[in-house]
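Data block below; observations after.
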Amino acid sequence: MAKSTHSVSSFARSVLDVVDRIPQGRVMSYGAIADQVGGSARSVGGVLSAWSEETNWHRVVYADGTPASCHGNSASGLLIDEEVPLLNGRVDLTRARWPDNGR
DNA sequence: GTTATGACTCCAG
DNA sequence: ACTGGAGCCATAA
């Protein structure tokens with residue numbers, strides 16, 4: 001709840017809330033989060049960039065499972081550390097996608 | 001209120 | 001599989 005101590009737009013707070021709910025070893029795509037908060041994938045990216053130090057941005061990946069770009073490839077290492085199944089450099093959404101729709 | 005930018009996603013070649 | 005172009009929405013100036 002460290003995030004609540006700062007003033008932020010309702011949209012950003014919603015995005016941070018969803019990302020914060022992603023369990024370890026699981027990932028969510030920008031578009032999926034955007035759909036949950038009612039925004040667009042780009043807007044979600046902007047929020048993550050602003051909260052990269054307080055948010056699990058490495059658990060958020062592209063629609064095809066590619067780890068979020070910036071900062072080189074540190075995301076892959078973090079994902080491995082989180083026990084996220086990687087497949088040829090991309091996240092295996094077949095197993096890591098969350099919520100895992102029924103599983 | 002308008003313009004420009006961005007950690008996105010989809011479609012076509 | 002990769003690249004380029006267009007669409008999408010929130011934030012900042």
Side-chain angles (χ1 to χ4, degrees):
Chain A
M1 114 91 194
K3 306 157 183 91
S4 315
T5 56
H6 300 273
S7 301
V8 338
S9 295
S10 184
F11 178 75
R13 193 168 57 227
S14 300
V15 173
L16 296 170
D17 185 47
V18 173
V19 174
D20 193 48
R21 287 186 217 191
I22 302 175
Q24 182 184 44
R26 254 357 177 233
V27 297
M28 209 160 167
S29 63
Y30 288 91
I33 297 169
D35 187 49
Q36 291 296 304
V37 304
S40 64
R42 276 217 148 114
S43 318
V44 174
V47 175
L48 255 60
S49 65
W51 291 82
S52 56
E53 301 298 304
E54 307 296 324
T55 313
N56 307 313
W57 64 272
H58 55 265
R59 289 186 191 162
V60 185
V61 298
Y62 287 170
D64 44 350
T66 306
S69 34
C70 97
H71 294 291
N73 38 357
S74 52
S76 302
L78 290 166
L79 291 170
I80 293 170
D81 190 51
E82 298 282 323
E83 299 186 295
V84 175
L86 295 185
L87 212 54
N88 192 15
R90 316 230 194 287
V91 177
D92 183 358
L93 295 176
T94 306
R95 298 197 278 173
R97 178 166 37 171
W98 190 85
D100 197 353
N101 220 9
R103 184 115 105 166

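A note on names: the letters A, B, ... follow the listed sequences, proteins ahead of strands, and every chain is numbered from 1.
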Notebook entry, point to check: Do side-chain atoms of A:Thr55 reach the backbone of A:Trp51 as a donor and acceptor pair under 3.5 angstrom?
Noted result: yes
Notebook entry, point to check: For A:Ala12, does its backbone N or O pair with a side-chain atom of A:Ser9 as donor and acceptor, under 3.5 Å?
Noted result: no
Next item on the list: State whether A:Arg13 and A:Asp17 are salt-bridged, where the test is any N-O pair (Lys NZ or Arg NE/NH1/NH2 against Asp/Glu carboxylate O) under 4.0 Å.
Entry: no
Checklist line | Closest to side chain of A:Phe11, choosing from C:dC2, B:dT9, C:dT11 | finding: C:dT11
Checklist line | Crowding at CD, A:Gln24 (>12 non-hydrogen neighbours, <6.0 Å) | finding: yes
Margin query: Going by side-chain contact (heavy atoms from CB on, under 4.5 Å), A:Pro85 matches just one of A:Val27, A:Asp92, A:Thr94. Which one?
Written below: A:Asp92
Next item on the list: Find the distance A:Arg13:CZ to C:dA10:P and express it as a whole number of Å.
Entry: 15 Å
Margin query: Nearest whole Å is fine: how far is B:dT9 C1' from A:Leu93 CG?
Written below: 14 Å
Next item on the list: Specify the separation, in whole Å, of atom CD of A:Gln36 and atom P of C:dA10.
Entry: 16 Å
Checklist line | Atom pair CG (A:Asp35) and CE (A:Met28), whose distance is rounded to the nearest 0.5 Å | finding: 8.5 Å
Pull out every protein N or O sitting under 3.5 Å from an N or O of nucleotides 4-7 of chain B, one pair per line with the distance.
from: B:dA7; atom 1: N7; to: A:Ser49; atom 2: N; distance (Å): 3.1

